[in-house]
2 protein chains.
Amino acid sequence: MTTLTPTPRIKKHVDPPDSPHSVGWTESKTICLFTDHNPFELELGGKISPVHVEYETYGKLSLNQDNVVLITHALSGDAHAAGWDKNAEDTGRNWRTRKPGWWDAVIGPGKAIDTNKYYVVCMNFLGSCYGTTGPSSIDPKTNKPYGLNFPMVTVGDWVRLQAKFLDALHIDSVHTVVGGSLGGQQVIEWAMAYPDRVENCIVLAATPRLSAQGLAFNAVGRNCIMNDPHFNNGDYYDGPPLSAGLAAARMLAHITYLSDDSMHKKFGRRLHEREEKERGFGIEFEVESYLDYQGRAFVARFDANSYLYITRAMDYYDAAARWGNGDLLKACQRIQSNLMIVSFESDWLYPPNECKDFAFALTKIGKTVTYVNIPSKFGHDAFLVETEQVGKLLKSVLK
Amino acid sequence: MTTLTPTPRIKKHVDPPDSPHSVGWTESKTICLFTDHNPFELELGGKISPVHVEYETYGKLSLNQDNVVLITHALSGDAHAAGWDKNAEDTGRNWRTRKPGWWDAVIGPGKAIDTNKYYVVCMNFLGSCYGTTGPSSIDPKTNKPYGLNFPMVTVGDWVRLQAKFLDALHIDSVHTVVGGSLGGQQVIEWAMAYPDRVENCIVLAATPRLSAQGLAFNAVGRNCIMNDPHFNNGDYYDGPPLSAGLAAARMLAHITYLSDDSMHKKFGRRLHEREEKERGFGIEFEVESYLDYQGRAFVARFDANSYLYITRAMDYYDAAARWGNGDLLKACQRIQSNLMIVSFESDWLYPPNECKDFAFALTKIGKTVTYVNIPSKFGHDAFLVETEQVGKLLKSVLK
């Protein structure tokens with residue numbers, strides 16, 4: 001359990017900050033919404049105030065405000081979608097590193113989401129640890145981090161908060177909402193919750209609800225975190241660092257992001273190069289080294305409580321239950337925007353057949369939908385990896 | 001995390017002990033092999049003595065000893081393959097419960113493995129916690145359980161020990177060796193290690209080596225165990241019971257034993273019935289309750305150190321590396337017995353396409369092989385669930 005090989009998870013194309021295609025150095029901003037007299041009321045019954053929302057924007061808002069592209073991020077994502085973060089530091093419990101945006105490959109001047117044309121907005125969602133209020137934020141009532149006193153949040157809450165944020169900026173309508181994975185579920189929620197505020201919705205690698213297998217993986221991950229000896233019922237911010245449980249949860253999740261085939265090609269059964277060759281229970285195979293690295297890296301950059309809240313929101317989301325009393329067709333009736341649904345052949349977390357079922361449900365009731373299944377080997381990660389193919393599809397909507 | 005629903009993992013057909021098709025009450029026996037002067041030498045370099053081997057037999061050995069059927073068990077299996085265990089008790093660290101044999105549906109008078117005709121032998125493998133010497137056994141040198149001082153064991157060691165055991169019983173040749181999953185890998189090893197001692201080999205739901213994804217799941221499971229606060233480097237037998245880590249490992253493994261489809265049909269997104277309806281991080285979905293039960297049940301019946309050793313043996317096994325310097329065709333050249341390879345359509349732990357590749361390798365060099373892919377929805381568990389179809393195939397070999 002010693003050697004650390006920094007195998008990058010995904011080789012992303014990233015333009016240097018001075019490239020004409022990069023949005024350059026970026027600075028995330030924070031807006032404070034809601035007050036004690038007017039708190040944010042949550043879907044499952046809690047209330048919270050104030051709510052700080054961290055966000056980034058790229059490009060310029062047009063005079064008639066018809067060029068807004070809203071990016072919704074996935075489980076461990078943040079508001080920093082493109083360019084180079086000016087202020088991020090790699091210290092302490094700041095959870096952040098100075099790194100290029102997670103979707104830099106498609107956002108920038110002349111890129112698929114062209115910041116010369118569009119005003120791109122990305123907000124960190126409620127419950128995360130990247131600037132927006134979350135369990136690691138200070139609860140003004142106790143002057144201590146919320147921990148598990150943080151209220152339960154949902155995909156519906158995230159989207160409603162995004163809408164409130166746009167209200168605050170006096171932006172009425174959105175040209176396109178786009179996101180992948182848990183970000184894609186937010187796009188589905190946008191289409192159903194605010195049918196008259198969004199023109200185009202692009203859902204990547206996401207379905208209207210998580211499968212039983214997905215629920216199961218999330219349950220095991222949370223189990224690992226809550227059984228960590230330092231968890232202390234979520235009140236661990238002043239104690240010894242929580243590591244093993246969160247690392248195990250991330251290792252497990254990582255397996256579900258890759259396909260069997262991509263793992264085979266990337267690692268196979270190759271042995272990890274190391275000094276001591278003794279057999280035992282340490283790191284012997286390359287794939288073990290990779291997972292170990294991913295687990296450790298995640299511990300340094302993510303809050304375990306956030307992981308609990310976010311995976312639970314992922315579990316709960318069920319568009320049909322929320323908008324159609326369990327009937328997906330009824331829920332889909334609400335949709336007025338054009339939908340594009342993109343699945344990836346080897347994705348087994350949000351499998352293509354379920355994405356296709358969603359698209360078929362929409363066509364059945366005469367909605368405008370484009371469904372594309374990309375024949376990728378990269379599993380669920382494909383939505384971040386297949387930037388060329390995804391970029392082409394984005395361009396077809398943002399032409 | 002409270003309610004315990006005893007959802008049975010698999011509804012097995014089990015004859016009551018007085019049925020004419022049951023082998024009835026059984027009593028496992030133990031044989032002691034090897035001495036300090038002549039220890040069992042292990043593939044990876046260790047030595048061990050004495051070695052107690054727990055086994056059960058059903059039926060009668062024919063005079064010319066041509067009716068031996070050897071059953072090889074899977075990860076958490078034991079020697080008690082059929083009938084009703086007379087002596088098992090549900091107490092303390094005995095790891096055992098009074099229960100019908102794990103393959104009772106196919107072993108018995110008039111059943112697929114007909115004990116009126118065949119002498120059926122099943123041994124618990126080295127490193128397990130069900131009677132054969134393992135990490136929870138007392139090390140005679142220290143008078144304490146071996147713990148992590150137990151030597152590393154391999155599938156090759158298990159098969160060699162089985163052969164030594166048959167030597168001790170003066171049994172030269174075996175009519176059929178049959179097993180599923182890790183038991184199927186032992187069958188492959190039998191075919192290559194003792195080509196002239198076995199006539200028929202039946203491999204269920206197993207491949208000549210585990211995939212990168214399989215290695216990854218095992219690594220996370222072991223990680224959970226070794227990070228349990230009570231693990232104490234494997235020396236936990238006198239301390240507080242090890243539970244959370246082993247339970248998490250089992251929960252995770254269980255997901256890999258079922259198919260996405262069978263989980264969907266069995267649980268879907270149904271909520272677990274419970275008194276408190278508050279949302280949070282406890283058990284809310286049926287699938288969470290099921291995994292929780294499986295985790296807890298496993299903790300009561302299995303030793304965490306055994307789990308480490310056995311999953312590592314599963315990782316290491318690579319028939320091509322062992323018998324063909326990495327060349328599967330070369331390794332297959334050794335085989336003289338008839339082979340039957342059975343895969344199950346929805347098995348993603350030992351996927352059908354890899355089983356088929358193994359069968360094709362055998363046909364390519366002119367070996368006698370029957371390959372059957374059973375269109376089951378039960379995932380890897382199918383090898384235990386699809387007893388009717390598996391029974392027919394067994395009968396075709398044991399006619």
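A note on names: the letters A, B, ... follow the listed sequences, proteins ahead of strands, and every chain is numbered from 1.
At a heavy-atom cut-off of under 4.5 Å, chain B is reached by A/Trp348, A/Pro351, A/Glu354 from residues 343-356 of chain A, listed in order of number. Among residues 305-318 of chain B, the residues having any heavy atom closer than 4.5 Å to a heavy atom of chain A are, in sequence order, B/Leu308, B/Tyr309, B/Arg312, B/Asp315, B/Tyr316, B/Tyr317, B/Asp318.
For the set A/Asp260, A/Asn218, A/Asp228, A/Val220, the entry with the most heavy-atom pairs within less than 4.5 Å of chain B is A/Asp260. Heavy-atom pairs under 4.5 Å with chain A were tallied for B/Ala244, B/Ala219, B/Ala248, B/Ala216; the largest tally goes to B/Ala216. In terms of heavy-atom pairs under 4.5 angstrom with chain B, the leader among A/Cys224, A/Gly295, A/Gly268, A/Ser259 is A/Gly268. Ranked by non-hydrogen atom pairs under 4.5 Å with chain A, the options B/His264, B/Met263, B/His230, B/Arg270 are led by B/Met263.
The only option from A/Glu284, A/Arg269, A/Glu286, A/Glu288 that meets the side chain to side chain contact (heavy atoms under 4.5 Å, CB included) definition with B/Leu215 turns out to be A/Arg269.
Residue A/Leu258 comes nearest to B/Gln213 through the heavy atom pair O-NE2, 4.4 Å, listed as atom of the first residue, atom of the second, then distance.
From B/Leu44, atom CG reaches atom CZ of A/Arg279 across 5.0 Å, with rounding to the nearest 0.5 Å. To the nearest 0.5 Å, the span separating CG on A/Asn223 from CG on B/Leu291 amounts to 9.0 Å.
Partners of A/Phe40 according to the ring pair (Phe, Tyr, Trp, His ring centres under 6.0 Å) rule, which considers only residues two or more places apart in sequence or in another chain, are A/Phe34. Remark: A/Asp139 engages A/Lys141, A/Thr142, A/Tyr146 in a side-chain contact (heavy atoms from CB on, under 4.5 Å) (not counting sequence neighbours).
Other residues, nucleotides and ligands place more than 12 heavy atoms under 6.0 Å from the CZ atom of A/Phe358.
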Give the C-alpha distance, both sets of side-chain angles, the deciding distance and a yes or no for side chain to side chain contact (heavy atoms under 4.5 Å, CB included) between B/Phe217 and A/Leu252. CA-CA 7 Å; B/Phe217 280 120; A/Leu252 170 53; 4.0 Å; yes
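For a residue to count as touching a neighbouring chain, one of its non-hydrogen atoms must lie under 4.5 Å from one of that chain's; by this rule B/Leu148 touches chain A with the side chain only. Residue A/Met152 touches chain B through its side chain alone, counting heavy-atom pairs closer than 4.5 Å.
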